[in-house]
Amino acid sequence: MKISEQDVLIVVDVQNDFCTGGALAVPDGEKVVPVINRIAQRFRNVVLTQDWHPKDHVSFASNHAHKNPYGAQVLWPDHCVQETQGAEFHNSLHIAQASLVLRKGFRRDIDSYSALYENDHKTPTGLLGYLRERQLKNIFVAGLALDFCVRYSAEDARKAGFEVAVIEDACRGIDIDGSMAATHQSLKSLGISIVNIEAFL
């Protein structure tokens, strides 16, 4: 696969809290790091997203009495709290050429899975404007977790008119209540490609 000046790699939330030992660890989350490092060498345009929550964030189960993480309201363990070790990028992630680090989830009263919109599907993160201003057309998405932040980032990019591919072996998922199967079905229905690292070799 030939990578052009109009292609961008979006690396989603490769942070300590989503890796082994973290507060909201994705199984084998850290295994995406060497794959992403290798793929990123092919891209001149790279964006990193960073979950960046205040400690009183609405999505934290600890801020809701008598609620458990992973309940119907999708409450989570406290994770990626601003200015903590858990919120930092994995220390083996090496993408010096990344031109933008986009923080999301920093508004107390609304969560943000997608890199393009908050979870109200109306409040923009600013990434869409950046991509259009830079005249980037084709988006490749990698990172954590496949069935949440990667999925919704890819879907929103596709709905905004971009060509989108998810690099599956550069992602890992959580798989809550069939969320992985639902993700694959949704990506397919929107015409989002699923590719693997072999496409870049």
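- Look at D51 and K104 and you find a salt bridge, because one of the NZ, NE, NH1 or NH2 atoms lies within 4.0 Å of a carboxylate O, short of that distance.
- A side-chain donor-acceptor contact under 3.5 Å links S4 to the backbone of Q6.
- R151 has a carboxylate O that lies under 4.0 Å from a charged side-chain N of E155, or vice versa, which qualifies the two as a salt bridge.
- Separation of atoms CG (L102) and OG (S153) is listed at 9.0 Å; rounding is to 0.5 Å.
- Of all heavy-atom pairs spanning L144 and C149, the tightest one is O-CB, 3.8 Å.
- Between F43 and F140, the gap from one ring centroid to the other is short of 6.0 Å.
- D147 CG to Y113 OH: the interatomic distance, rounded to the nearest 0.5 Å, is 10.0 Å.
- Here CG of N45 is found 6.5 Å from CD of E5. Values are rounded to the nearest 0.5 Å.
- Between atom NE2 of residue H79 and atom NE2 of residue H53 there is a gap of 3.5 Å, rounded to the nearest 0.5 Å.
- Of the residues L128, L116, T125, the one that meets the side chain to side chain contact (heavy atoms under 4.5 Å, CB included) test with D156 is L116.
- Between K137 and E163 there is no salt bridge, since none of the side-chain N atoms of the basic residue sits less than 4.0 Å from a carboxylate O of the acidic one.
- At a threshold of 4.5 Å between side-chain heavy atoms, the hydrophobic network of Ile, Leu, Val, Met, Phe, Trp and Tyr places I39 and V14 in one connected group.
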